[in-house]
Every structure is written in C-alpha cells, then in structure tokens.
Amino acid sequence: MTSVLDGYLVDPKLSLLDKTRIQAQVLVPVLRALRSELGKDKANAVVKQALRDWSKQLFAAIGDGIKGSPRRKWATIQSVFGEISGREVGTEILRQDKEALDIDVTRCRFAEFFRALGEPELGALLICEADFDITAVGAGEVGLERAQTIMQGAPTCTFRYKFAPR
C-alpha cells in the first residue's frame, strides 16, 4: 500500500531515524558555518524560519492529497507518522476518546541522537515542531498542546490533542 508520506520519506526501506541522521549530516555543518558567519542567534533564526516554512508547506501539501475532513486528514497523517516513528519512541496513552488523545512519549531516540550531537534545538525544529504542522492539517478540528519534550531536556514529551465536537 502506498503511504501518504512516500514523497517525504523518499526511501521507505530507511527508518525515519536513519533519514534524520542523513539530514543532520548536511544540516549540522551548514548550521555551524552560518553561526560562524552570522552569529548564533541570527543563524539559528534563519535556519529555524527555513525549516519551519519547509515543514509547514510539506504537511499542508500532504494533507491536500488526502480526501475527507480536516480531522480525517490529520488522523491519516498522524497514523502513518506514528507507525514510522513508533520504532524510535516509547509511548504511553493516557486518554483516547472522542474529545481527546493524551500521549506521553517516555523514550525518544531522536532526542538521544540530537542531544549527543549537541544540537537539541535543531532536533526540535526537524522532529518536534513537525507535530504542530501535522496538527495544522486538522484545520481547527484538532488542537495540540505540548508542555515539554525530551529533546528540550524533560523526562517526557506531553502530547495533548483536543478534538472539536463533530
């Protein structure tokens, strides 16, 4: 079955963590060179804006290719993304009903990787912030609050999805 994320994933045989490692092999040296030239704050701001714009456009385009309501589009992307990232994270579902989905991520290999590189901010931009871009596909029918992430040093990532009444 063709995945809604195939265009993004490029090679479905590679894990998402391996793809992230490949991205980091390019992004980390570029980010460090920009910091050297522009200073840390300005370089980080440029990279943040570029990655945020890329991710927003990517998930909006993926959502446009899925039929159905905004919530169905979100659920489709969330399901596939959960499957491909699920090997790399440990999760605990705290609540799952028609009004909410509360998940805690208890282990994250992406965070381990970026923290070992000394670049958790880059990891947060590449991995963590994408969750909000996926949620945006829900166009108001799905909301996400997250108080903390492992990437930023917390013991868990707190995903608190709220669903608009149908």
Side-chain angles (χ1 to χ4, degrees), residues 1-10 12 15-20 23-24 27 44-115 119-166:
M1 180 170 90
T2 303
S3 167
V4 295
L5 297 179
D6 280 349
Y8 165 69
L9 295 177
V10 183
S15 74
L16 186 57
L17 182 58
D18 286 338
K19 291 173 182 145
T20 301
Q23 290 173 325
L27 289 171
N44 287 353
V46 167
V47 170
K48 178 180 182 176
Q49 189 63 53
L51 289 176
R52 300 305 319 121
D53 289 348
W54 167 75
S55 182
K56 287 174 187 174
Q57 291 170 7
L58 171 73
F59 288 107
I62 291 169
D64 287 344
I66 300 170
K67 293 184 175 155
S69 69
R71 183 166 172 183
R72 181 176 175 350
K73 292 174 185 238
W74 168 82
T76 301
I77 295 171
Q78 183 67 22
S79 175
V80 172
F81 210 70
E83 285 176 30
I84 60 174
S85 65
R87 301 179 280 232
E88 315 301 347
V89 298
T91 61
E92 181 180 348
I93 297 176
L94 306 174
R95 177 181 176 188
Q96 185 173 15
D97 58 40
K98 66 181 184 173
E99 297 172 357
L101 173 61
D102 294 350
I103 302 170
D104 279 357
V105 172
T106 56
R107 179 168 187 251
C108 179
R109 293 183 64 204
F110 299 102
E112 293 166 8
F113 171 69
F114 280 102
R115 290 175 82 194
E119 294 291 346
E121 298 90 0
L122 181 60
L125 289 171
L126 269 178
I127 302 300
C128 304
E129 292 300 315
D131 298 316
F132 292 99
D133 300 329
I134 293 169
T135 302
V137 172
E141 293 182 16
V142 181
L144 171 61
E145 290 183 13
R146 187 171 54 214
Q148 63 187 34
T149 64
I150 295 170
M151 192 78 73
Q152 296 170 317
T156 61
C157 304
T158 55
F159 287 79
R160 303 298 182 257
Y161 293 101
K162 302 291 182 230
F163 305 123
R166 291 185 177 194

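Bear in mind that the values here come from a model prediction, so they are computed numbers and not experimental data.
Listed here is the closest heavy atom pair of Val142 and Arg71: CG2-CG, 4.0 Å. Of all non-hydrogen atoms in Ala130 and Arg52, the two that sit nearest each other are N-NH1, 4.3 Å. Shown here for Arg146 and Cys157, the closest heavy-atom pair between the two residues is CD-CB, 4.5 Å. Across all their heavy atoms, Met151 and Cys128 have their closest contact at CB-SG, 3.7 Å. When all heavy atoms of Thr20 and Phe113 are compared, the closest pair comes out as O-CE2, 4.4 Å. Residues Thr156 and Gln148 share a closest heavy-atom pair of OG1-NE2, 2.9 Å.
The pair Arg160-Glu145 fails the salt-bridge criterion, with no side-chain N (NZ, NE, NH1 or NH2) lying under 4.0 Å from an Asp/Glu carboxylate O. Under the 4.0 Å criterion applied to side-chain N and carboxylate O atoms, Glu99 and Arg95 are assigned as salt-bridge partners.
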side-chain contact (heavy atoms from CB on, under 4.5 Å) between Arg109 and Val89, worked out | CA-CA 6 Å; Arg109 293 183 64 204; Val89 298; over 6 Å; no
Using the side-chain contact (heavy atoms from CB on, under 4.5 Å) rule, take Phe159 and Asp104 through it: C-alpha gap first, then chi angles, then the decisive distance, then the call.
-> CA-CA 6 Å; Phe159 287 79; Asp104 279 357; over 6 Å; no
Would you sort out whether Val105 and Arg107 count as a side-chain contact (heavy atoms from CB on, under 4.5 Å), showing the intermediate values?
-> CA-CA 6 Å; Val105 172; Arg107 179 168 187 251; 5.9 Å; no
Begin from the C-alpha positions of Asp131 and Leu144 and carry the test side-chain contact (heavy atoms from CB on, under 4.5 Å) through to its verdict.
-> CA-CA 8 Å; Asp131 298 316; Leu144 171 61; 3.9 Å; yes
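Panel note: side chain Lys162, backbone Ala100; no donor-acceptor pair is recorded below 3.5 Å.
Under the side-chain contact (heavy atoms from CB on, under 4.5 Å) test applied with Gln23, the options Asp18, Leu51, Leu122, Leu126 reduce to a single match, Leu126. No option in Thr91, Thr149, Ile150 other than Ile150 meets the side-chain contact (heavy atoms from CB on, under 4.5 Å) test with Cys108.
Side-chain contact between Ser15 and Glu88 is present, with at least one heavy-atom pair separated by less than 4.5 Å. Using a 4.5 Å heavy-atom cutoff, the side chains of Val137 and Ile62 are not in contact. Between Phe59 and Phe81, some side-chain heavy-atom pair lies under the 4.5 Å cut-off. Between Ile66 and Ile77 the shortest side-chain heavy-atom distance falls below 4.5 Å.
Ser55 and Glu129 are not linked by any side-chain donor-acceptor pair at a separation below 3.5 angstrom, with hydrogens and angles left out of the test. Side chains of Asp53 and Gln49: a donor on one and an acceptor on the other come within 3.5 Å.
Around CZ of Arg72, the count of heavy atoms belonging to other residues, nucleotides or ligands within 6.0 Å does not exceed 12.
Centroid-to-centroid, the aromatic rings of Phe163 and Trp74 come within less than 6.0 Å.
Between atom OG of residue Ser69 and atom CD of residue Glu141 there is a gap of 5.0 Å, rounded to the nearest 0.5 Å. The line from NZ of Lys56 to CZ of Phe132 is 11.5 Å long, rounded to the nearest 0.5 Å. Between the CD1 atom of Ile134 and the OG1 atom of Thr76 there is a distance of 12.0 Å, given to the nearest 0.5 Å.
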